[in-house]
Every structure is written in structure tokens, then in C-alpha cells.
Protein chains: 2
Amino acid sequence: MNTVEKPLYSIKDISRLSGVSIATLSRYFNGQSIRKSNEDKIKEVLKETGYRPSIAARFMKGSSSGVIGLIVPEINHPFFSMIAEGIMQEARKNGQLVLCGSSEGSLEVEHQVIDRFSQSILDGLIYIPVAKAENIPALTSFRNLPLVITARRNIIPGVPHVYHDGEKGGYLSTRYLIQLGRRRIGFIASFWDPPCSNKELRSFSEQSASYTFSSIDRFRGYLKALQEENIPYDPDLVVVTGYGHQSGVDATASLIGRFTQCNGIIAMTQAVANGCTSQLKRQGYTIPQDISIILFDANESKADYTFTSIELHLHEMGQESVRKLNSLIQGERAEDTCLDVELCVRDTTVLLHKE
Amino acid sequence: MNTVEKPLYSIKDISRLSGVSIATLSRYFNGQSIRKSNEDKIKEVLKETGYRPSIAARFMKGSSSGVIGLIVPEINHPFFSMIAEGIMQEARKNGQLVLCGSSEGSLEVEHQVIDRFSQSILDGLIYIPVAKAENIPALTSFRNLPLVITARRNIIPGVPHVYHDGEKGGYLSTRYLIQLGRRRIGFIASFWDPPCSNKELRSFSEQSASYTFSSIDRFRGYLKALQEENIPYDPDLVVVTGYGHQSGVDATASLIGRFTQCNGIIAMTQAVANGCTSQLKRQGYTIPQDISIILFDANESKADYTFTSIELHLHEMGQESVRKLNSLIQGERAEDTCLDVELCVRDTTVLLHKE
DNA sequence: TTGTATGCGTTATCAT
DNA sequence: ATGATAACGCATACAA
């Protein structure tokens, strides 16, 4: 390690230049009231010097550093970067900074980052896990750091989570397609690491309330909407796949290949939905007439279609995570927050034209 | 400010528990050689306690903090988040952390973030400006912090920049379209804040070597390729617009509306290109037969088409920025780096079929 | 309201 | 190679 530029002025310098004691200075910087004449002198010297208190020294004294941590699986992913933008914006409003680490999609890196972070100067940590439930780091890894888990639910007991209402999203999207007269609705479930086949998805979703895959939550809503309309569940309308563009292509090909009639599709992400439309067009289907599509969290302006979508309010999710973390930092208790979702009707859904 | 959880153990605790002096401990943690028996004792205590040195205290003593800063105009933008991912990955490899702030596209916020950062514990800063050249913060705002500017060139004299070869990108894309028999090539230039009209673009690009808009750099390459093939420049083939999907739609409508024949288009971003294809299809053009399209920095799997593109190696740009910054931190001098670009031929370009 | 003095966890300078 | 101790910049208990 080599030496590094230090701040030009310390509080001692300011004390010397202004003739005010460092104690009074400290009080001034921490918002306590001091004598007006001193305040004026200080302000003058501050203008000249551009002095700012050192975060490091402040943190070492046991005060807060004003820095919060953020761990994301991938910063280069619209889902996470949107949350990150919300986090940074809210943090900035509170005069906080964000120490940000990517797990690079890897469990090993994630642990490494958590390890580095917990030795850092953080006031608290917002953690978007890449890990599967069984691999979640022990709570002790976080060393009493105030902790909020975002974009996932039911990961670490006793820790507040901020997530969206996946079941409602599944329900709203399915119900809307049904209202459009579409009763053969494909559901393309996405997993990083699929826990079951499409045949098993239904029983898996019923037996395992403890599992917290967003696809499963949404699938529950799908089932609920079907049931309300007495539409029989058909496992051939379900595909289990991954998260990328190619997953959408493959899933759609598989769906069509089953010779199952299908006039609606629900996809988990923009990339998958793009894969869908790409494959559907290749096979001669028209969108939205033949097959209407709804996806979760449309990334506007990044796709060729303007998709009907379930909006997840990811920016708000980021902001809420910071607010919750700050409650924790101030010693308050915090509960989970389940953010609402809403249906945004756009161009990829239309009333089924009966022939 | 309220009190915060502190690290469970300090170096004194470890000294007490291991019977080794804090000086020796410090040496051990800084990689100096110590007596084997001591090393063993230390390792044992470390296992039990999970102790890690405090970054804050370390930084206060004038050593490096292992934290580098990153300022981006928007983290929720594939261009910047890809660079950020590269930065975080390279930083992690070096055991460094990244303090990340978004300027939220605003000059005011950018200054605010720079101000906060410069009082922080950073070893150095990677700065992707949102500001226009005339509004770039004074170098003193950075307080002698080692500084690298990324994704822009020629912003602050004497500071190393890392950017891509925009002129080459413009040249390669144009030349390739010409090789496909397309000599009527539309160029859709994107600006946050357009400095001139499409009529003025050419003279603007010639007179103002000092201006550093990426669209202008690419436009120079466009002109160069046209010139090589003796294709006359037609300002009606140029549109000046913004960065979003709607910009692409509008620009394309404008281009077509001029009754200019056009059989190729070069777009600056994925979003703009998507706007193009959307509008072109609406007007009955086929892609790539009628009109071939090349864009810069294709965001795979986020578009309906698989676009032919100029690849910018943004991840590498992030990594290179960190490497350069670390050279600076170690007191070495650093020059600009202009990263190469390359043409990736995919599905949106095809040989013009002469009728 | 103000100033003095102490300590936070670490590194660097000594002397050993 | 090791250990005692003085800084580093700041916050705070305490005395004034």
C-alpha cells in the first residue's frame, strides 16, 4: 500500500485559521448551535479552504459514515441497475454514498464481496442475493451490520425484505388475457437453476411455500386466475427455462412444438419475451392477434415491441430499500415491504378475434 | 448522526488474545515477514475472531483505503452499467471496492456527487461526465485525487481518458454498408443536447476538433468512408436527435419523410435502432433487404433483432479504467487509451439486391 | 456556549 | 524480528 493524497485541511487547520476550537467546529458540523460570531468566522474560513470533515475519522469515532453498501448479482442487468438507480438517488437525497459490489453472478464472488464489505465503513447493507436459499451466508457474515434484503422474499428470517407482489402480477396478467377471450395461456417460468420440470411445477408450487423463486410466486397467481374462471390447468402450457433471449426462443419453440393451442403467453423478463416474439414470427404467428404476450418489468425503448406488462416499480423498490435500511440504522424495527404491481396495457395484447 | 455497530474486534483485542504486539500484527497484515510461531498464533486467533483490519483507521493513517470512486450519468443505462460491471470486476480482482454515484443525468447532481466524493475516503476516481465540456468541474474540485475520465475524450487536459475509437466505428460501419452495395446511408446522430442542426453537422464536425461528442467522432468516420468511395455527402441523409427509442422513431420518420432514398442506416444506440426498425416496419420497409441497419454497442438479447453492430468493448473499457487509475495511484504517469472497435456482422445487414 | 483532553484502530518510528 | 508509543482527524465527556 502506498501513500495517498490526504485532505488539504484538517479540523485543526480550520481551528487555527478561524480561532475557534475544534470542539466548537465539530459541534458546528454536527448541527449543534454555536455562537453567531463564531459561525460567521467558520463560514468564512470554510469558503477559503473548502474544508470538509473526513468520513474516515468520523466513522472511526463510532459515528455513522454516511456510506451504505449494495450487493447486486450483476450491475449490468436492467432489473438490478434500475433498483440501483433508485437506491443511489434516495441515498443522495439523504446525503449518503453507496458502496456498490457485483457478485458477478457467482456464489463465490458474492461471499468474497460480503466479506470485504463487512470489514468496511458501512452504516448498513442492501443485499440482493444471487445465492439460492440453501447457500445464503450466515447472518454472522454481516457482523451486526443493519441489513435489508431486496428483490427477494423469505431469505433470512428476522431481516426485512423489500420485494414485489409476484402472485398478484401472475394473477393480473393471466386474468387480463382471459378477459381478452384467451383461455390457452402459456406460462414461461424462468430460473437461474430450474428446480423442477414443467410437469412438476404445479405440485412444486403447492408444496413448497418456503421456496422463494419469483417465477413460482407468479405461477401461483396464474393458477389462481385460471381457477377463478374454471379453466383447467394444462402442464403442456408451461415451460421451465432460463432468463436469456435464447431461453425465450427455445421455450416458445417447445411450447409450439407440443401442438398445444396457445393464444397467450406470459414471460418473466424482457429478454425472454423478445425471444418469444422472435420465434413466433419465425413460425408465422402474428402478435398480438394470434398470440398476445405479457411480460414482467418491460424495459421501455429497449425492445422492438411496446409490450403489455406487469410493472414492478423497481426504482421505488430501490428507494424503499434505502428508507428501510435507514430505519434500521436509526435503531428502529422494520418489517417486510411487499410492493404493489400493476398491469400496463400496451401493444402486445388484443381481444381474441373468434373465427 | 447516531452510533453504529463497530467491528467486533480491534487489533488490540487480537494482540491481547494472541500475545503478539500490535506492531507485529500490523506488519503481518501488511505482508511483512514475521516469526513463524507468531504467524501461527495469529492465524489461530483470526479464525476464532474473524477479525479484519478497519479500512477507516487505515485510511486515516494515510494509507490507501482500497476504495475507488465511480461517477456515472445513470447506472440504469446499458452503456454505463456495462462499463460499471467491468470496473467492479477489475476492482474486485485487486481487492478494491467501488463507491458508486449516479449524477442522475443532471449537472447539479453531478457537482453534488463530486463534492461528496472528494471528501470521502477514495484512493482515486473514475469519472464519466454528464456535463458538457464548458461545464466540466474545475480540477480543484477533485482535490488532488487520482482521476481517470472514461467514455469521453479530450475533456480535462492532463487527465488520462479511456474511450473508444469513434471515428473508426463510423468508418467501419459506413464502409461495410457501401460494400453491400448501399450508397444512400442515413446517419442518425444522437446528442443529449444537440449543438447544431443536420444541415450544420458537417461544418460543425470539421471546425470543432475541440468538441468531443461521440456522434461527431463517428460522423467523421462516416464522411471519410463516403469520401473514399467518392460518394457525395447529402445532409438530407443526416438526422440530429436524442438517445431514446422515440428519438429513433422520429429520426426515421424524418429521414423517410424527406423523400430521400435510403438503403442503410447507422444508429448510435440500441434504443435508437429499435425505434428505427419499429418505424420502418410501420412504413412498410423490410429489414435488412430494403434498409440495412448498423448500430453501436448492440445489447444482445434486449432487442427483437440481432443487429449488426460496432462493438465497443465496454467491459474492457471499465477494466482498463481501473488499471489506469491504479497506475496513477501508484504515482506513475498515464496517457490516454483509445480502445479499438470492431464490426460484428449479424442479421440486420445484407447485400443490396439490385432490381 | 466554549475549550481541553482523551480515545477510536491503524501505521510508522523508534529503540530493543 | 519485535514491542512501546506517537501520530492521523474527529467526536465527546468533562470542566470552565
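We name chains A, B, ... by the order of the sequence lines, and we start the count at 1 in each one.
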Colleague: Taking only the side-chain nitrogens and oxygens of B:Tyr51, find out if one of them lies under 4.0 Å from OP1 or OP2 of C:dT10.
Modeller: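 The answer is yes; a side-chain N or O of B:Tyr51 sits under 4.0 Å from OP1 or OP2.
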Colleague: Tell me what B:Ile22 touches on the nucleic acid: a base, only sugar-phosphate, or nothing, going by heavy atoms under 4.0 Å.
Modeller: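 The answer is base, as B:Ile22 lies within the cut-off (heavy atoms under 4.0 Å) of a base atom.
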Colleague: Distance criterion of 3.5 Å, no angle test: do you see the side chain of B:Lys61 paired donor-to-acceptor with the base of D:dA7?
Modeller: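 Indeed, a donor on one side and an acceptor on the other fall under 3.5 Å apart.
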Colleague: Mind checking whether A:Phe59 and A:Val67 have side chains closer than 4.5 Å, heavy atoms only?
Modeller: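 Contact flag for A:Phe59/A:Val67 side chains = no.
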Colleague: Rounded to the nearest 0.5 Å, how far apart are CD1 of B:Ile14 and CG of B:Leu46?
Modeller: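 With rounding to 0.5 Å, CD1 (B:Ile14) is 6.0 Å from CG (B:Leu46).
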Colleague: Nearest to the side chain of B:Met60, heavy atoms from C-beta on, is which of D:dC10, C:dT11, D:dG9?
Modeller: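 Of the options given, the side chain of B:Met60 lies nearest D:dG9.
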Colleague: Check this one for me: any side-chain N or O of B:Asn38 less than 4.0 Å away from OP1 or OP2 of D:dT2?
Modeller: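 Checking D:dT2 against B:Asn38, a side-chain N or O does come within under 4.0 Å of OP1 or OP2.
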Colleague: Return no unless some side-chain N or O of A:Arg58 is found under 4.0 Å from OP1 or OP2 of D:dA11.
Modeller: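 Answer is yes, contact under 4.0 Å.
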Colleague: Are side-chain N/O atoms of A:Gln32 and A:Arg27 paired as donor and acceptor at under 3.5 Å?
Modeller: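 There is no such pair between these side chains.
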Colleague: Using only side-chain N and O atoms of A:Ser54, determine if any of them is under 4.0 Å from OP1 or OP2 of D:dG9.
Modeller: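 A:Ser54 to D:dG9 OP1/OP2: no side-chain N or O under 4.0 Å.
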Colleague: For A:Thr24, answer base if it contacts any base atom (sugar-phosphate contacts may also be present), sugar-phosphate if it contacts only those atoms, and nothing otherwise; contact means non-hydrogen atoms under 4.0 Å.
Modeller: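 Result for A:Thr24 = sugar-phosphate.
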Colleague: As a test of reading the structure: which of D:dC10, D:dG3, D:dA1 is closest to the side chain of B:Ala23, going by heavy atoms?
Modeller: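 Out of D:dC10, D:dG3, D:dA1, the nucleotide with an atom closest to B:Ala23's side chain is D:dG3.
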Colleague: For a 4.5 angstrom cut-off between non-hydrogen side-chain atoms, does B:Leu312 reach B:Phe79?
Modeller: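 Yes; the side chains approach each other to less than 4.5 Å.
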Colleague: Answer yes or no: does a side-chain N or O of B:Ser26 lie under 4.0 Å from OP1 or OP2 of C:dA12?
Modeller: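 For C:dA12, OP1/OP2 do not have a side-chain N/O of B:Ser26 under 4.0 Å.
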Colleague: Within the structure shown, what part of the strands sits under 4.0 Å from B:Tyr28 by heavy-atom distance: base, sugar-phosphate, or nothing?
Modeller: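 Counting heavy atoms under 4.0 Å across all strands, no contact is made by B:Tyr28.
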Colleague: Starting at the 5' end of DNA chain C and moving along, which residue's nearest nucleotide shows up first, B:Arg27 or B:Ile55?
Modeller: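 Per heavy-atom nearest nucleotide, the more 5' residue is B:Ile55.
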Colleague: Could you check how far OH of B:Tyr9 sits from P of C:dT10, rounded to whole Å?
Modeller: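 Those two atoms, OH and P, are 14 Å apart.
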Colleague: Among C:dT11, D:dA1, D:dG3, which nucleotide has an atom closest to any side-chain atom of B:Arg35?
Modeller: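 So the side chain of B:Arg35 is nearest to D:dA1.
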Colleague: In whole Å, I'd like the distance from the CZ atom of B:Arg52 to the C1' atom of C:dT10.
Modeller: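 Taking CZ of B:Arg52 and C1' of C:dT10, I get 15 Å after rounding.
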Colleague: Need to verify one output field. Residue with the more 5' nearest nucleotide on DNA chain D, A:Leu25 or A:Lys12?
Modeller: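 Looking at the nearest nucleotide for each, A:Lys12 comes out on the 5' side.
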Colleague: Could you tell me whether the side chains of A:Ser65 and A:Asp123 share a donor-acceptor contact shorter than 3.5 Å?
Modeller: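 Yes - a donor-acceptor pair under 3.5 Å links their side chains.
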Colleague: Answer with yes or no whether the side chains of A:Glu110 and A:Tyr127 bring together a donor and an acceptor at under 3.5 Å.
Modeller: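 A:Glu110 and A:Tyr127 do have a side-chain donor-acceptor pair below 3.5 Å.
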Colleague: Rounded to the nearest Å, what distance is computed from the CZ atom of residue B:Phe29 to the P atom of nucleotide D:dA1?
Modeller: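 After rounding, the gap between these two atoms is 18 Å.
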Colleague: Measure CZ/B:Phe59 against P/C:dT11 and give the value in whole Å, please.
Modeller: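 From B:Phe59 CZ to C:dT11 P: 14 Å.
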Colleague: Using the closest heavy atom to pick a nucleotide of DNA chain C for each, name whichever of A:Ile34 or A:Ala57 lands nearer the 5' end.
Modeller: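 Closer to the 5' end of DNA chain C: A:Ile34.
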Colleague: Would B:His77 and A:Glu85 satisfy side chain to side chain contact (heavy atoms under 4.5 Å, CB included), going step by step from the backbone distance to the final call?
Modeller: CA-CA 10 Å; B:His77 186 298; A:Glu85 185 74 29; over 6 Å; no
Colleague: Starting at CD1 of B:Ile121 and ending at C1' of D:dC10, how long is that distance when rounded to a whole Å?
Modeller: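 In whole Å, D:dC10 C1' and B:Ile121 CD1 are 15 Å from each other.
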Colleague: Nearest to the side chain of B:Val20, which nucleotide is it out of D:dT12, D:dG3, C:dT11?
Modeller: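 That would be D:dG3.
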Colleague: Here's a test for you: under salt bridge (Lys or Arg N to Asp or Glu O under 4.0 Å), which of A:Lys43, A:Arg35, A:Lys36 qualifies with A:Glu39?
Modeller: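 Running salt bridge (Lys or Arg N to Asp or Glu O under 4.0 Å) over A:Lys43, A:Arg35, A:Lys36 with A:Glu39 returns exactly one hit, A:Lys43.
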Colleague: Enter the inter-axis angle for the ends of the helix from C:dT1-D:dA16 to C:dT16-D:dA1 (five pairs per end, rounded to 10°).
Modeller: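 Between the axes fitted at each end of the helix from C:dT1-D:dA16 to C:dT16-D:dA1 lies an angle of 40°.
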